[in-house]
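Protein chains get the first letters and strands the later ones, always in sequence-line order, with residue 1 at the start of each. Quick caveat, the model's predicted, so the values are computed rather than measured.
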Amino acid sequence: MPKVKFWLLDINDALIDGAPAIRLWGIDDAGRRVAIWDRNFPPRFFLLANRGEDPALILEGIRRLSRELCGILDLGLERKRYLGEERNVVRVVFKDHESLAKSAEALPNAKGVEAVLEDDVRFSMKYMIDGGVRPCSWHEVEVQEAPIEQSIRVDRAYEAVSPPRVIESQGEGPSLRSLAFSILCPGSRGSPRPSVDPVRGIFVESGSGEGEVFLAEGDRDSSAIRGFSEFIERADPDLIVGFGSNRFDWPYLMERAKLGGIHLKVGRGGEPPHRSVYGHISVTGRANIDILNLMDDIPEVKQKALASLAEFFSIIRKGEMPDLDEVELAREWRNAGGREHLREYFVKRTGVLMKCHETLMDFAIALSNITGLPLDQVAAAAVGFRVDSLMMRGSRMLGELIPKREERPHVAYKGGMVLQPKPGLHENIVVLDFKSMYPNLMMLYNISPDTYCPPGEDCSEAFEVPEVGHRFRRGRDGLYRAVLSKLMEERERIKEKLKGIPKGDPSHKVLAERERAVKILLNACYGYSGWTGARWYSKEVAESAAALGRAAITKALEEARGFGLEPIYGDTDSIFLKSGPKIEEYVERVMQETGIEIKIDKIYKRILFMESKKRYAGLLESGDLDVVGLEAVRGDWSGASKAMQEGMLKIVLSEGGPNGALEFARSYISDVRSKAIPFRDFVIWKTLTKPMREYEVKAPHVEAARRLLADGIELGPGDSVGYVITKGAGKIHERAKPYAYATIEEVDAEYYINNQLIPVASRILSIFGIAVGRMLESPG
DNA sequence: AGGGGCTTCAGTTCG
DNA sequence: TGCGAACTGAAGCCCCTC
């Protein structure tokens with residue numbers, strides 16, 4: 001039987017002659033695009049038998065019923081674990097999805113059945129989990145050649161004879177073909193509406209740097225859309241990349257295509273794009289990726305705009321490519337010469353998008369490979385679903401059944417401990433961090449939903465968590481320990497490999513991005529355990545991890561005194577100590593006492609604390625300024641207050657006193673008063689977190705959004721509103737104006753001085769006993 | 001009517 | 001559509017004084 005090696009790019013379920021089948025899309029080791037049918041995996045679920053119930057009776061009962069329930073191919077008894085407990089289950093295999101769905105509805109009420117399990121796992125996901133198939137991994141599969149259907153755009157098509165198997169550590173992935181695109185749709189009135197506003201241009205760029213532009217002819221965009229669709233067919237990309245394309249570009253194109261009677265044949269089977277899980281758009285046989293989704297994994301970039309991301313990656317210089325909003329775009333479209341300008345802008349934008357994609361792809365591929373979510377899904381999936389997938393994979397290793405996703409009410413619990421900082425300037429401060437504190441504590445004490453021992457149950461030799469009293473079984477590894485230790489080992493393995501690879505080498509980046517993916521997942525597991533939507537939700541687990549964390553940091557604080565080290569501050573897993581000679585000894589002691597590793601994370605030559613927790617600024621040994629939590633690093637303050645604060649902090653920390661900073665603030669405020677700073681530094685950005693109609697209060701950003709809404713600009717949850725406060729009487733929200741509508745002349749400098757600058761300056765100066773009061777309000 | 005003091009709402013960041 | 005802790009500004013309310 002011939003064998004094929006392939007790298008899995010996409011997977012979907014389909015029907016062949018009415019029978020369920022899986023289609024795997026990939027690239028073989030000769031770079032050919034391949035499609036592989038697998039019809040050897042009929043849908044299935046498990047019936048969990050009640051404790052003490054003879055599962056054979058259930059099985060018999062179903063066999064009797066099966067005339068009515070029809071469509072059952074196979075039944076079998078198995079022993080599996082469910083939340084740690086060994087249980088009897090009945091495996092039920094169906095000929096098709098409809099039969100499974102019917103039975104899943106009827107059987108939970110059958111006699112002796114506690115629950116139907118794993119019917120709520122997507123078919124293609126269950127196929128991969130049960131078969132050990134993994135996205136963005138190399139596999140080997142026995143096949144027979146199948147004729148290439150006329151509509152299928154691949155080099156080879158096969159039929160799987162046996163299940164594909166992952167080939168471990170096959171090294172790097174294949175070279176993938178990418179296509180980036182963006183669409184230009186200025187709104188004729190307010191936001192563009194597909195019912196009336198045509199697509200004026202579609203801009204594409206392939207990975208090799210070749211671009212193509214499809215322009216509407218007058219108001220007719222049919223040929224442009226058709227041209228785009230044909231271009232995709234011709235270029236046959238593996239990855240289709242957009243920015244905000246799940247929410248805007250694709251839905252818009254789909255709607256315009258519908259109106260124009262055009263078939264968007266973008267899938268490898270000639271399919272149109274379709275809406276899939278996690279609200280993303282899926283293109284069969286390819287991976288559709290929205291870079292905007294991946295930006296959530298880069299918290300350093302505050303503004304969710306392509307320009308901000310490109311600046312962060314140093315793909316463009318600051319201010320090189322503006323980010324035009326809908327108002328500016330429509331305005332430019334109407335301007336003389338604006339259309340030519342917009343075309344140039346979109347060509348540039350699409351090229352920048354491609355470069356961002358190239359920078360991000362190693363990360364996305366690693367994330368897909370580790371979590372087991374297909375590449376296009378993993379980008380769009382929220383943290384909780386990524387970990388859910390990771391856990392489902394882990395559960396198979398332990399023979400654990402996958403619990404149902406349930407709707408549960410939110411239950412709060414006590415979290416990490418934060419110390420009150422000692423305000424003022426401190427010198428030579430060492431920051432010690434517990435390394436991956438929550439994951440390590442959960443591993444150390446086997447904290448997991450399947451090792452939890454409820455009150456009243458006899459669990460000999462269980463470990464009891466201090467303060468909260470929850471008990472967890474020792475002995476057999478729990479799911480969390482199993483999953484976390486695999487991640488931890490992977491991280492160590494990557495670190496080891498990285499040592500032998502020079503930094504500029506492409507494989508260095510692949511590994512470094514993989515390490516970042518592992519790290520993100522490691523850190524997400526604790527939060528996942530306390531998320532009520534998690535399949536393996538357990539308040540006791542999350543609460544215990546938090547309690548163990550508090551115990552660890554408390555222990556570290558107690559020990560500090562004995563080593564002559566004075567704690568200045570601490571938050572969750574870190575403590576800030578005034579450096580002393582016995583620090584190494586101390587680190588050893590804390591590790592002995594807590595069982596988890598603690599290391600020196602940072603050393604501040606000088607650090608400034610105010611009265612608040614979670615906010616400080618320090619000078620690192622390198623001479624770099626490190627600002628944490630303060631306005632200067634927040635996205636919801638004006639550029640003016642951020643710039644002034646950063647300037648003041650630099651001076652205070654380098655001079656060791658407030659005098660220079662006071663002068664700096666004075667002069668900065670006078671610049672603001674005379675408007676000698678750029679307009680954009682007056683703009684305040686805030687994100688809408690819910691639909692406009694649900695706002696009960698008149699907040700400034702909400703009122704600014706209302707003004708846009710009045711002009712037909714549609715804004716919803718997740719959209720950012722940039723506004724300035726203008727001169728005049730009345731409440732602040734009455735004077736908030738979308739920045740695109742305002743000029744620098746209208747800006748109320750006094751508002752910025754009183755509400756954005758003085759509070760910020762006085763928080764710093766008051767530490768030194770300088771009461772700001774009116775001192776900064778008028779010049780001199 | 002207007003101000004002080006307090007609570008609530010909203011958004012964002014830390015770890 | 002990970003968690004809780006924490007901060008801040010603005011609005012919104014009550015209460016008091018005038």
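At the heavy-atom level, A/Gly527 lies under 4.0 Å from base atoms of the strands shown. In this structure, A/Phe434 reaches neither bases nor backbone, as no heavy-atom distance under 4.0 Å exists between it and the strands shown. Note on A/Trp637: only backbone sugar-phosphate atoms sit closer than 4.0 angstrom, heavy atoms only; bases stay farther off. Counting any heavy atom pair closer than 4.0 Å across all strands shown, A/Gly635 reaches sugar-phosphate atoms only and no base atom. Residue A/Pro299 is classed as having no contact, given no heavy-atom separation below 4.0 Å to the nucleic acid. A/Tyr438 comes within 4.0 angstrom of nothing in the nucleic acid, heavy atoms only. Heavy atoms of A/Ala412 sit under 4.0 angstrom from primed sugar atoms or phosphate atoms, though from no base atom. Using a 4.0 Å heavy-atom criterion, one finds that A/Gly629 contacts the sugar-phosphate atoms exclusively. Here A/Val628 lies in heavy-atom contact (under 4.0 Å) with sugar-phosphate atoms only. Among the atoms of the strands shown, none is found under 4.0 Å from any heavy atom of A/Val387.
Nearest to the side-chain atoms of A/Ala382 among the listed nucleotides C/dA11, C/dG9, C/dG2 stands C/dG2. Comparing C/dA11, B/dT13, C/dT8 by their nearest atom to the side chain of A/Val633 picks out B/dT13. Listed candidates were B/dA10, B/dT13, C/dA11. Nearest to the side chain of A/Ile732 is C/dA11. Of the candidates C/dA6, C/dA10, C/dG2, C/dA10 carries the atom nearest the A/Pro700 side chain, counting heavy atoms from C-beta on.
For the pair A/Lys731 and C/dA11, the criterion of a side-chain N or O lying under 4.0 Å from OP1 or OP2 is not met. Remark: A/Tyr751 is in phosphate contact with C/dA10, judged by side-chain N or O atoms under 4.0 Å from OP1 or OP2. At least one side-chain nitrogen or oxygen of A/Arg763 sits closer than 4.0 Å to the OP1 or OP2 atom of C/dG9. Between A/His733 and C/dA11 there is a side-chain polar atom (N or O) within less than 4.0 angstrom of OP1 or OP2. Contact annotation: A/Asn755 does not reach the phosphate of C/dG9 (side-chain N/O to OP1 or OP2, under 4.0 Å). In this structure, A/Thr687 reaches the B/dT12 phosphate: one of its side-chain N or O atoms is under 4.0 Å from OP1 or OP2. Residue A/His410 places no side-chain N or O under 4.0 Å from the OP1 or OP2 atom of C/dG2. OP1 or OP2 of C/dA6 has not a single side-chain nitrogen or oxygen of A/Ser612 nearer than 4.0 Å. An OP1 or OP2 oxygen of B/dT13 is reached within less than 4.0 angstrom by a side-chain nitrogen or oxygen of A/Lys302. Between A/Lys614 and C/dA6 there is no side-chain polar atom (N or O) within less than 4.0 angstrom of OP1 or OP2.
A/Arg615 forms no cation-pi arrangement with A/Phe609, by the criterion of a distance under 6.0 Å to the ring centre and an angle within 45° of the ring axis. The side-chain tip of A/Lys613 does not point at the ring of A/Tyr569 from less than 6.0 angstrom away and within 45° of straight on.
Using cut-offs of 30° and 60° on the angle between ring planes, the pair A/Tyr604 and A/Phe576 is parallel. The aromatic rings of A/Tyr452 and A/Phe472 are tilted relative to each other, their planes meeting at an angle between 30° and 60°.
When atom types are taken as modelled, the side chain of A/Tyr752 and the backbone of A/Phe682 share a donor-acceptor pair closer than 3.5 angstrom.
Atom CZ of A/Arg615 is separated from atom C1' of C/dA5 by 12 Å (rounded to the nearest Å). Atoms CG (A/Asp571) and C1' (B/dC14) sit 6 Å apart, rounded to a whole Å. Regarding A/Met442, its CE atom lies at a distance of 11 Å from the C1' atom of C/dC3, rounded to whole Å. Whole-Å rounding puts the A/Glu631 CD to B/dT13 P distance at 11 Å. Look at NZ on A/Lys642: it is 11 Å from C1' on B/dT12, rounded to the nearest Å. Summarising the geometry, the separation between CD on A/Gln645 and P on C/dG9 is reported as 11 Å, rounded to the nearest angstrom. Across the protein-nucleic acid pair, A/Phe609 atom CZ and C/dA6 atom C1' stand 14 Å apart, rounded to whole Å. In this structure, the CG atom of A/Leu630 is 17 Å from the P atom of B/dT12, given to the nearest Å.
A side-chain contact (heavy atoms from CB on, under 4.5 Å) with A/Trp536 is found for one member of A/Cys525, A/Ser529, A/Pro449 and no other, namely A/Pro449.
A/Tyr739 and A/Tyr723 have their aromatic ring centers separated by at least 6.0 angstrom.
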